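Note on naming: letters A, B, ... go to the chains in the order of the sequence lines (proteins, then strands), and numbering restarts at 1 for each one. Note that this is a predicted model, so its numbers are computed, not measured. Side chains are part of it too, since the values below use all heavy atoms of this structure and drop only hydrogens, waters and symmetry mates.
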Number of protein chains: 2
Amino acid sequence: MAIRVARKPSDAYQHGSLRQALVQAGLKLLSEGGAGALSLRAAAQLAGVSHAAPYRHFRDKDALVSAIAEQGFLLLTEAMQAELGRCRHEDAPRRLGALGQGYIGFALAHPGYLRVIFGGVIDKTNPPEGLLIAGQRAYDVLRGVVARGLEAGELSGGDPDTVALACWSMVHGFSMLCIDQALPSFVDRKTQLKIGAQMVRLLAVGVQTPAKR
Amino acid sequence: MAIRVARKPSDAYQHGSLRQALVQAGLKLLSEGGAGALSLRAAAQLAGVSHAAPYRHFRDKDALVSAIAEQGFLLLTEAMQAELGRCRHEDAPRRLGALGQGYIGFALAHPGYLRVIFGGVIDKTNPPEGLLIAGQRAYDVLRGVVARGLEAGELSGGDPDTVALACWSMVHGFSMLCIDQALPSFVDRKTQLKIGAQMVRLLAVGVQTPAKR
DNA sequence: CCTACCGATCGGTAGG
DNA sequence: CCTACCGATCGGTAGG
(Lines give C-alpha, C1' and ligand atoms only; values in the text may rest on other atoms or scores of the structure.)
Protein backbone atom coordinates (compact mmCIF):
# COMPACT_ATOMS: atom_id res chain seq x y z
CA MET A 1 0.00 0.00 0.00
CA ALA A 2 1.30 3.44 -0.88
CA ILE A 3 2.18 5.71 1.95
CA ARG A 4 -0.32 8.54 2.11
CA VAL A 5 1.56 11.82 2.13
CA ALA A 6 0.17 14.87 3.84
CA ARG A 7 -2.30 16.81 1.76
CA LYS A 8 -0.71 19.56 -0.27
CA PRO A 9 -2.05 23.08 0.28
CA SER A 10 -3.30 22.97 -3.31
CA ASP A 11 -5.98 20.51 -2.32
CA ALA A 12 -7.61 23.24 -0.29
CA TYR A 13 -8.35 25.42 -3.30
CA GLN A 14 -11.51 25.06 -5.29
CA HIS A 15 -14.21 27.15 -6.89
CA GLY A 16 -11.84 30.04 -7.47
CA SER A 17 -10.70 30.46 -3.89
CA LEU A 18 -7.20 30.22 -5.27
CA ARG A 19 -7.67 33.70 -6.65
CA GLN A 20 -7.94 35.21 -3.18
CA ALA A 21 -5.12 33.00 -1.94
CA LEU A 22 -2.87 34.41 -4.66
CA VAL A 23 -3.81 37.95 -3.73
CA GLN A 24 -2.88 37.20 -0.12
CA ALA A 25 0.37 35.54 -1.18
CA GLY A 26 1.29 38.52 -3.36
CA LEU A 27 0.53 40.84 -0.48
CA LYS A 28 2.77 38.86 1.82
CA LEU A 29 5.63 39.02 -0.67
CA LEU A 30 5.21 42.78 -1.00
CA SER A 31 5.04 43.30 2.76
CA GLU A 32 8.08 41.24 3.56
CA GLY A 33 10.35 41.69 0.57
CA GLY A 34 9.28 44.90 -1.09
CA ALA A 35 8.11 45.50 -4.62
CA GLY A 36 10.97 43.50 -6.12
CA ALA A 37 9.89 40.35 -4.33
CA LEU A 38 6.53 40.12 -6.06
CA SER A 39 6.34 37.59 -8.88
CA LEU A 40 3.61 35.33 -10.15
CA ARG A 41 5.79 32.30 -9.61
CA ALA A 42 6.65 33.16 -6.01
CA ALA A 43 2.99 33.84 -5.28
CA ALA A 44 2.04 30.49 -6.79
CA GLN A 45 4.66 28.72 -4.70
CA LEU A 46 3.42 30.43 -1.53
CA ALA A 47 -0.10 29.30 -2.36
CA GLY A 48 1.14 25.77 -2.97
CA VAL A 49 0.30 25.48 -6.65
CA SER A 50 2.34 25.23 -9.83
CA HIS A 51 3.59 28.40 -11.48
CA ALA A 52 1.13 27.96 -14.34
CA ALA A 53 -1.94 27.81 -12.12
CA PRO A 54 -2.28 31.59 -11.56
CA TYR A 55 -3.04 32.07 -15.25
CA ARG A 56 -6.38 30.39 -14.68
CA HIS A 57 -7.36 33.40 -12.56
CA PHE A 58 -5.24 36.26 -13.87
CA ARG A 59 -4.51 37.09 -17.48
CA ASP A 60 -0.99 38.24 -16.60
CA LYS A 61 1.09 39.66 -13.79
CA ASP A 62 -0.45 43.12 -14.14
CA ALA A 63 -3.87 41.62 -13.48
CA LEU A 64 -2.71 40.20 -10.15
CA VAL A 65 -1.07 43.49 -9.21
CA SER A 66 -4.25 45.39 -10.06
CA ALA A 67 -6.35 42.98 -8.03
CA ILE A 68 -4.15 43.50 -4.98
CA ALA A 69 -4.26 47.27 -5.44
CA GLU A 70 -8.03 47.30 -5.81
CA GLN A 71 -8.50 45.28 -2.65
CA GLY A 72 -6.08 47.64 -0.93
CA PHE A 73 -8.17 50.66 -1.87
CA LEU A 74 -11.33 48.95 -0.60
CA LEU A 75 -9.77 48.07 2.75
CA LEU A 76 -8.22 51.53 3.07
CA THR A 77 -11.62 53.10 2.49
CA GLU A 78 -13.14 50.79 5.11
CA ALA A 79 -10.40 51.66 7.60
CA MET A 80 -10.97 55.39 7.15
CA GLN A 81 -14.74 55.07 7.43
CA ALA A 82 -14.43 52.87 10.50
CA GLU A 83 -12.25 55.48 12.20
CA LEU A 84 -14.72 58.16 11.14
CA GLY A 85 -17.54 56.16 12.69
CA ARG A 86 -15.62 55.89 15.94
CA CYS A 87 -15.13 59.68 16.01
CA ARG A 88 -17.81 61.21 18.20
CA HIS A 89 -17.00 64.79 17.27
CA GLU A 90 -18.82 66.53 14.46
CA ASP A 91 -16.33 69.31 13.66
CA ALA A 92 -14.31 68.91 10.50
CA PRO A 93 -10.84 69.34 12.06
CA ARG A 94 -11.37 66.43 14.42
CA ARG A 95 -13.00 64.32 11.74
CA LEU A 96 -9.98 65.00 9.53
CA GLY A 97 -7.81 63.84 12.38
CA ALA A 98 -9.76 60.60 12.58
CA LEU A 99 -9.34 60.07 8.85
CA GLY A 100 -5.60 60.64 9.11
CA GLN A 101 -5.36 58.18 12.00
CA GLY A 102 -7.23 55.60 9.95
CA TYR A 103 -4.91 56.11 6.99
CA ILE A 104 -1.69 55.89 8.99
CA GLY A 105 -2.93 52.95 11.02
CA PHE A 106 -3.84 51.03 7.87
CA ALA A 107 -0.54 51.86 6.20
CA LEU A 108 1.53 50.64 9.15
CA ALA A 109 -0.57 47.50 9.52
CA HIS A 110 -0.55 46.64 5.80
CA PRO A 111 2.55 48.12 4.12
CA GLY A 112 2.20 45.74 1.18
CA TYR A 113 -1.01 47.37 0.03
CA LEU A 114 0.52 50.83 0.00
CA ARG A 115 3.59 49.60 -1.84
CA VAL A 116 1.54 48.08 -4.60
CA ILE A 117 -0.75 51.10 -4.88
CA PHE A 118 1.86 53.84 -4.71
CA GLY A 119 5.20 52.12 -5.20
CA GLY A 120 5.26 52.30 -8.96
CA VAL A 121 4.37 48.62 -9.38
CA ILE A 122 1.15 49.32 -11.26
CA ASP A 123 1.22 50.05 -14.95
CA LYS A 124 -0.53 53.42 -15.06
CA THR A 125 -0.78 53.50 -18.83
CA ASN A 126 -3.73 51.14 -18.85
CA PRO A 127 -5.36 50.85 -15.43
CA PRO A 128 -8.49 48.67 -15.16
CA GLU A 129 -11.71 50.54 -14.51
CA GLY A 130 -12.37 48.87 -11.17
CA LEU A 131 -9.07 50.13 -9.82
CA LEU A 132 -9.80 53.72 -10.84
CA ILE A 133 -13.22 53.58 -9.20
CA ALA A 134 -11.81 52.11 -5.98
CA GLY A 135 -9.20 54.84 -5.84
CA GLN A 136 -11.75 57.54 -6.49
CA ARG A 137 -13.98 56.22 -3.71
CA ALA A 138 -11.12 56.38 -1.21
CA TYR A 139 -10.34 59.96 -2.19
CA ASP A 140 -14.01 60.96 -2.03
CA VAL A 141 -14.21 60.06 1.65
CA LEU A 142 -11.50 62.63 2.39
CA ARG A 143 -12.81 65.20 -0.06
CA GLY A 144 -16.29 64.95 1.42
CA VAL A 145 -15.12 65.74 4.95
CA VAL A 146 -13.03 68.66 3.68
CA ALA A 147 -15.79 70.08 1.47
CA ARG A 148 -18.36 69.96 4.28
CA GLY A 149 -15.87 71.60 6.63
CA LEU A 150 -15.25 74.42 4.18
CA GLU A 151 -18.99 74.95 3.65
CA ALA A 152 -19.59 75.02 7.38
CA GLY A 153 -16.82 77.58 7.77
CA GLU A 154 -14.83 75.26 10.03
CA LEU A 155 -11.96 74.98 7.56
CA SER A 156 -10.14 77.41 5.32
CA GLY A 157 -7.10 77.47 3.12
CA GLY A 158 -8.34 77.18 -0.44
CA ASP A 159 -10.55 75.05 -2.62
CA PRO A 160 -11.59 71.56 -1.45
CA ASP A 161 -9.08 69.74 -3.62
CA THR A 162 -6.09 71.79 -2.50
CA VAL A 163 -6.95 71.40 1.18
CA ALA A 164 -7.76 67.71 0.74
CA LEU A 165 -4.51 67.20 -1.12
CA ALA A 166 -2.57 68.91 1.64
CA CYS A 167 -4.09 66.58 4.24
CA TRP A 168 -3.60 63.53 2.09
CA SER A 169 0.00 64.47 1.33
CA MET A 170 0.93 64.76 4.98
CA VAL A 171 -0.51 61.50 6.22
CA HIS A 172 0.61 59.74 3.06
CA GLY A 173 4.13 61.14 3.32
CA PHE A 174 4.41 60.14 6.96
CA SER A 175 3.09 56.67 6.20
CA MET A 176 5.56 56.15 3.38
CA LEU A 177 8.50 57.40 5.46
CA CYS A 178 7.57 54.87 8.15
CA ILE A 179 7.05 52.04 5.68
CA ASP A 180 10.24 52.77 3.76
CA GLN A 181 12.13 52.82 7.04
CA ALA A 182 13.40 56.29 6.26
CA LEU A 183 12.90 57.32 9.88
CA PRO A 184 15.61 56.65 12.44
CA SER A 185 15.33 53.06 13.57
CA PHE A 186 14.94 54.02 17.22
CA VAL A 187 11.50 55.37 16.30
CA ASP A 188 9.49 52.23 16.97
CA ARG A 189 5.95 51.45 15.90
CA LYS A 190 4.41 52.87 19.04
CA THR A 191 6.31 56.14 18.69
CA GLN A 192 5.35 56.34 15.03
CA LEU A 193 1.66 56.17 15.88
CA LYS A 194 2.13 58.79 18.60
CA ILE A 195 3.98 61.19 16.32
CA GLY A 196 1.40 60.53 13.64
CA ALA A 197 -1.42 61.52 15.97
CA GLN A 198 0.43 64.69 16.98
CA MET A 199 1.07 65.61 13.34
CA VAL A 200 -2.54 65.09 12.41
CA ARG A 201 -3.62 67.47 15.17
CA LEU A 202 -1.10 69.99 13.88
CA LEU A 203 -2.57 69.84 10.41
CA ALA A 204 -6.11 70.06 11.73
CA VAL A 205 -5.20 73.33 13.41
CA GLY A 206 -3.49 74.56 10.24
CA VAL A 207 -6.56 74.19 8.08
CA GLN A 208 -8.95 75.44 10.74
CA THR A 209 -10.36 78.88 10.03
CA PRO A 210 -8.62 81.57 12.11
CA ALA A 211 -11.85 82.71 13.74
CA LYS A 212 -12.41 79.27 15.27
CA ARG A 213 -8.94 78.74 16.62
CA MET B 1 42.53 48.31 -45.03
CA ALA B 2 40.02 47.80 -42.27
CA ILE B 3 37.04 50.07 -42.22
CA ARG B 4 37.21 52.36 -39.23
CA VAL B 5 33.95 52.12 -37.31
CA ALA B 6 32.61 55.01 -35.30
CA ARG B 7 34.10 55.30 -31.86
CA LYS B 8 32.16 53.43 -29.25
CA PRO B 9 30.98 55.41 -26.24
CA SER B 10 33.25 53.27 -24.10
CA ASP B 11 36.27 55.04 -25.55
CA ALA B 12 35.17 58.19 -23.78
CA TYR B 13 35.60 56.69 -20.32
CA GLN B 14 38.87 56.79 -18.51
CA HIS B 15 40.30 57.52 -15.09
CA GLY B 16 37.16 56.39 -13.36
CA SER B 17 34.74 58.65 -15.18
CA LEU B 18 32.78 55.52 -15.97
CA ARG B 19 31.71 55.45 -12.37
CA GLN B 20 29.80 58.71 -12.72
CA ALA B 21 28.48 57.62 -16.12
CA LEU B 22 27.02 54.51 -14.51
CA VAL B 23 25.40 56.58 -11.77
CA GLN B 24 23.80 58.77 -14.44
CA ALA B 25 22.71 55.74 -16.44
CA GLY B 26 21.14 54.14 -13.36
CA LEU B 27 19.37 57.38 -12.60
CA LYS B 28 17.96 57.53 -16.11
CA LEU B 29 16.66 53.96 -15.83
CA LEU B 30 15.00 54.79 -12.53
CA SER B 31 13.46 57.99 -13.84
CA GLU B 32 12.04 56.46 -16.99
CA GLY B 33 11.18 52.92 -16.03
CA GLY B 34 10.80 52.90 -12.27
CA ALA B 35 12.63 50.87 -9.67
CA GLY B 36 12.20 47.63 -11.58
CA ALA B 37 14.09 48.95 -14.58
CA LEU B 38 17.35 49.39 -12.70
CA SER B 39 19.93 46.69 -13.30
CA LEU B 40 23.69 46.70 -13.49
CA ARG B 41 23.56 45.24 -16.98
CA ALA B 42 21.14 47.82 -18.33
CA ALA B 43 23.21 50.61 -16.80
CA ALA B 44 26.35 49.19 -18.40
CA GLN B 45 24.62 49.01 -21.77
CA LEU B 46 23.42 52.60 -21.47
CA ALA B 47 26.97 53.67 -20.70
CA GLY B 48 28.24 51.71 -23.67
CA VAL B 49 30.38 49.15 -21.83
CA SER B 50 30.18 45.43 -21.25
CA HIS B 51 28.07 44.11 -18.40
CA ALA B 52 31.18 43.12 -16.48
CA ALA B 53 32.73 46.57 -16.53
CA PRO B 54 30.68 48.05 -13.67
CA TYR B 55 32.31 45.63 -11.23
CA ARG B 56 35.54 47.59 -11.64
CA HIS B 57 33.80 50.50 -9.88
CA PHE B 58 31.10 48.91 -7.74
CA ARG B 59 31.41 45.82 -5.63
CA ASP B 60 27.82 44.78 -6.42
CA LYS B 61 24.46 46.18 -7.38
CA ASP B 62 23.80 47.53 -3.89
CA ALA B 63 26.94 49.64 -4.17
CA LEU B 64 25.66 51.34 -7.31
CA VAL B 65 22.27 51.91 -5.72
CA SER B 66 23.89 53.43 -2.64
CA ALA B 67 26.07 55.69 -4.79
CA ILE B 68 23.02 57.01 -6.63
CA ALA B 69 21.15 57.54 -3.36
CA GLU B 70 24.09 59.36 -1.77
CA GLN B 71 24.42 61.71 -4.73
CA GLY B 72 20.65 62.25 -4.55
CA PHE B 73 20.89 63.35 -0.92
CA LEU B 74 23.73 65.75 -1.75
CA LEU B 75 21.84 67.35 -4.63
CA LEU B 76 18.64 67.52 -2.58
CA THR B 77 20.51 69.31 0.18
CA GLU B 78 21.96 71.72 -2.36
CA ALA B 79 18.53 72.38 -3.87
CA MET B 80 17.04 73.17 -0.47
CA GLN B 81 19.92 75.43 0.51
CA ALA B 82 19.79 77.24 -2.82
CA GLU B 83 16.08 77.94 -2.36
CA LEU B 84 16.81 79.07 1.19
CA GLY B 85 19.46 81.46 -0.13
CA ARG B 86 16.98 82.90 -2.60
CA CYS B 87 14.48 83.53 0.22
CA ARG B 88 14.80 87.10 1.36
CA HIS B 89 12.54 86.71 4.37
CA GLU B 90 13.93 85.90 7.76
CA ASP B 91 10.85 84.49 9.47
CA ALA B 92 10.71 80.74 9.93
CA PRO B 93 7.32 80.13 8.25
CA ARG B 94 8.47 81.66 4.99
CA ARG B 95 11.85 79.96 5.18
CA LEU B 96 10.05 76.66 5.70
CA GLY B 97 8.04 77.45 2.59
CA ALA B 98 11.23 77.98 0.62
CA LEU B 99 12.58 74.65 1.85
CA GLY B 100 9.39 72.90 0.81
CA GLN B 101 9.51 74.50 -2.62
CA GLY B 102 13.09 73.35 -3.02
CA TYR B 103 12.17 69.80 -2.03
CA ILE B 104 9.17 69.54 -4.34
CA GLY B 105 11.01 71.20 -7.22
CA PHE B 106 13.90 68.77 -6.89
CA ALA B 107 11.59 65.77 -6.64
CA LEU B 108 9.64 66.68 -9.77
CA ALA B 109 12.84 67.45 -11.70
CA HIS B 110 14.66 64.29 -10.62
CA PRO B 111 12.15 61.55 -9.75
CA GLY B 112 14.81 58.86 -10.10
CA TYR B 113 16.71 60.11 -7.08
CA LEU B 114 13.62 60.01 -4.88
CA ARG B 115 12.71 56.54 -6.10
CA VAL B 116 16.09 55.15 -5.21
CA ILE B 117 16.21 56.89 -1.84
CA PHE B 118 12.67 56.16 -0.68
CA GLY B 119 11.33 53.54 -3.05
CA GLY B 120 12.55 50.55 -1.13
CA VAL B 121 15.42 49.88 -3.52
CA ILE B 122 18.10 50.33 -0.90
CA ASP B 123 18.97 47.51 1.43
CA LYS B 124 18.46 49.16 4.80
CA THR B 125 19.94 46.31 6.77
CA ASN B 126 23.48 47.42 5.98
CA PRO B 127 23.63 51.00 4.71
CA PRO B 128 27.08 52.47 3.98
CA GLU B 129 28.19 55.21 6.33
CA GLY B 130 28.40 57.87 3.62
CA LEU B 131 24.75 57.38 2.80
CA LEU B 132 23.67 57.78 6.41
CA ILE B 133 25.69 60.98 6.75
CA ALA B 134 24.29 62.44 3.52
CA GLY B 135 20.76 61.68 4.68
CA GLN B 136 21.40 63.20 8.09
CA ARG B 137 22.76 66.38 6.50
CA ALA B 138 19.64 66.81 4.38
CA TYR B 139 17.41 66.39 7.43
CA ASP B 140 19.54 68.79 9.49
CA VAL B 141 18.83 71.63 7.08
CA LEU B 142 15.12 71.28 7.80
CA ARG B 143 15.55 70.64 11.48
CA GLY B 144 17.73 73.73 11.83
CA VAL B 145 15.13 76.05 10.36
CA VAL B 146 12.40 74.52 12.53
CA ALA B 147 14.47 74.63 15.72
CA ARG B 148 15.41 78.29 15.23
CA GLY B 149 11.78 79.13 14.49
CA LEU B 150 10.65 77.45 17.70
CA GLU B 151 13.31 79.24 19.74
CA ALA B 152 12.35 82.58 18.22
CA GLY B 153 8.72 81.90 19.05
CA GLU B 154 7.72 82.06 15.40
CA LEU B 155 6.65 78.44 15.31
CA SER B 156 4.74 76.17 17.66
CA GLY B 157 3.24 72.75 17.65
CA GLY B 158 5.64 70.52 19.55
CA ASP B 159 9.26 69.54 19.76
CA PRO B 160 11.57 70.28 16.80
CA ASP B 161 11.52 66.74 15.46
CA THR B 162 7.75 66.41 15.46
CA VAL B 163 7.25 69.74 13.69
CA ALA B 164 10.08 69.02 11.26
CA LEU B 165 8.64 65.59 10.56
CA ALA B 166 5.21 67.10 9.89
CA CYS B 167 6.70 69.51 7.35
CA TRP B 168 8.84 66.82 5.77
CA SER B 169 5.91 64.41 5.57
CA MET B 170 3.73 66.86 3.70
CA VAL B 171 6.17 67.94 1.02
CA HIS B 172 7.47 64.39 0.73
CA GLY B 173 3.98 62.95 0.43
CA PHE B 174 2.99 65.46 -2.20
CA SER B 175 6.19 64.82 -4.12
CA MET B 176 5.67 61.07 -4.08
CA LEU B 177 2.04 61.35 -5.16
CA CYS B 178 3.16 63.47 -8.12
CA ILE B 179 6.03 61.15 -9.01
CA ASP B 180 3.94 58.00 -8.67
CA GLN B 181 1.30 59.57 -10.90
CA ALA B 182 -1.28 59.00 -8.22
CA LEU B 183 -2.81 62.39 -8.96
CA PRO B 184 -5.39 62.76 -11.73
CA SER B 185 -3.56 63.04 -15.02
CA PHE B 186 -5.16 66.37 -15.86
CA VAL B 187 -3.04 67.86 -13.09
CA ASP B 188 -0.03 68.83 -15.19
CA ARG B 189 3.42 69.78 -13.98
CA LYS B 190 2.66 73.46 -13.79
CA THR B 191 -0.47 72.86 -11.71
CA GLN B 192 1.48 70.52 -9.46
CA LEU B 193 4.00 73.23 -8.65
CA LYS B 194 1.19 75.73 -8.04
CA ILE B 195 -0.69 73.39 -5.70
CA GLY B 196 2.58 72.55 -4.00
CA ALA B 197 3.27 76.22 -3.31
CA GLN B 198 -0.24 76.70 -1.94
CA MET B 199 0.10 73.66 0.29
CA VAL B 200 3.41 74.81 1.66
CA ARG B 201 1.87 78.16 2.64
CA LEU B 202 -0.95 76.27 4.33
CA LEU B 203 1.49 74.29 6.42
CA ALA B 204 3.53 77.38 7.25
CA VAL B 205 0.39 78.96 8.72
CA GLY B 206 -0.42 75.75 10.58
CA VAL B 207 2.85 75.66 12.47
CA GLN B 208 2.99 79.39 13.05
CA THR B 209 2.37 80.38 16.65
CA PRO B 210 -1.19 81.65 17.19
CA ALA B 211 -0.03 85.02 18.48
CA LYS B 212 1.77 85.78 15.21
CA ARG B 213 -1.03 84.77 12.85
C1' DC C 1 37.61 46.86 -19.83
C1' DC C 2 36.67 42.57 -22.69
C1' DT C 3 34.36 37.71 -23.92
C1' DA C 4 32.46 33.65 -22.23
C1' DC C 5 30.29 31.29 -19.00
C1' DC C 6 27.48 29.95 -14.57
C1' DG C 7 23.08 29.14 -12.00
C1' DA C 8 18.80 31.31 -10.88
C1' DT C 9 14.57 33.50 -11.84
C1' DC C 10 11.33 35.52 -14.52
C1' DG C 11 6.69 35.91 -17.61
C1' DG C 12 4.34 33.25 -20.52
C1' DT C 13 2.68 29.18 -23.49
C1' DA C 14 1.76 24.23 -25.24
C1' DG C 15 -0.59 20.43 -24.37
C1' DG C 16 -2.87 17.59 -21.65
C1' DC D 1 -4.52 22.54 -12.13
C1' DC D 2 -0.38 19.85 -13.83
C1' DT D 3 4.50 19.07 -16.26
C1' DA D 4 7.59 20.55 -19.58
C1' DC D 5 9.34 23.81 -22.24
C1' DC D 6 10.55 28.62 -24.41
C1' DG D 7 13.35 32.96 -24.69
C1' DA D 8 14.91 36.74 -21.94
C1' DT D 9 17.17 38.83 -18.18
C1' DC D 10 19.44 38.96 -14.08
C1' DG D 11 23.80 39.18 -10.60
C1' DG D 12 28.10 37.59 -10.48
C1' DT D 13 32.71 35.24 -11.70
C1' DA D 14 36.79 33.28 -14.47
C1' DG D 15 40.36 34.41 -17.05
C1' DG D 16 42.67 37.22 -19.79
Between the protein and nucleotides 12-15 of chain D, which nitrogen or oxygen pairs come in under 3.5 angstrom?
unit_1, atom_1, unit_2, atom_2, d
D/dG12, OP2, B/Lys61, N, 2.9
D/dG12, O6, B/Arg41, NH1, 3.3
D/dG12, O6, B/His51, NE2, 3.0

Table please: side-chain donor-acceptor pairs of residues 41-53 of chain B below 3.5 Å, with sequence neighbours left out.
unit_1, atom_1, unit_2, atom_2, d
B/Arg41, NH2, B/His51, NE2, 3.4
B/Ser50, OG, B/Ala52, N, 3.4

Which residues share a salt bridge (charged side-chain N to carboxylate O under 4.0 Å, His left out) with A/Arg94, sequence neighbours left out: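 Listed in chain order: A/Asp91.
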Applying salt bridge (charged side-chain N to carboxylate O under 4.0 Å, His left out), name anything that partners A/Arg143, two or more places apart in sequence or on another chain.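 With neighbours one apart ignored, the set is A/Asp161.
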[X] [atom1] to [N] [atom2], straight-line distance once rounded to whole Å:
X: B/Leu64; N: D/dG11; atom1: CG; atom2: C1'; result: 12 Å
X: B/Leu46; N: D/dT9; atom1: CG; atom2: P; result: 14 Å
X: B/His57; N: D/dG11; atom1: NE2; atom2: C1'; result: 18 Å
X: A/Phe58; N: C/dG11; atom1: CZ; atom2: P; result: 13 Å

Note, DNA chain C 5' to 3' with Watson-Crick or G-U pairs under 3.5 Å encoded as ( ), [ ], | and . gives ||||||||||||||||
So, B/Asp180 side chain and B/Ala182 main chain: donor-acceptor pair closer than 3.5 Å or not?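 Here the side-chain-to-backbone pair does not exist.
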Between B/Ser169 and B/Leu165 (side chain of the first, backbone of the second, donor and acceptor by atom type, cut-off under 3.5 Å), is there such a pair?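 Flag set: sc B/Ser169 to bb B/Leu165 pair under 3.5 Å.
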Which heavy atom in A/Thr77 sits nearest to a heavy atom in A/Ala134, and how many Å separate them?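 Residues A/Thr77 and A/Ala134, closest heavy atoms: OG1-O, 4.4 Å.
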Which comes earlier along DNA chain D counting from the 5' end, the contact point of B/Ala42 or that of B/Arg56, where each point is its nearest nucleotide?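 Nearest-nucleotide comparison on DNA chain D picks B/Ala42.
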Between B/Glu151 and B/Arg148, is the closest basic N to carboxylate O distance under 4.0 Å?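 No salt bridge links B/Arg148 with B/Glu151.
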Near DNA chain D, counting only heavy atoms under 4.0 Å, which residues of residues 27-39 of chain A show up?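 Within residues 27-39 of chain A, no residue comes under 4.0 Å of DNA chain D.
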Do the ring planes of A/Tyr139 and A/Trp168 sit parallel (below 30°), tilted (30 to 60°) or perpendicular (above 60°)?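 A/Tyr139 and A/Trp168: tilted rings.
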Could you check whether atom NZ of B/Lys194 has more than 12 heavy atoms from other residues, nucleotides or ligands sitting under 6.0 Å from it?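 Open.
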Are side-chain N/O atoms of A/Tyr103 and A/Glu83 paired as donor and acceptor at under 3.5 Å?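 Absent: no donor and acceptor within the cut-off.
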Do B/Phe174 and A/His172 have ring centres separated by under 6.0 Å?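 Between A/His172 and B/Phe174, which both carry aromatic rings, the centre distance is not below 6.0 Å.
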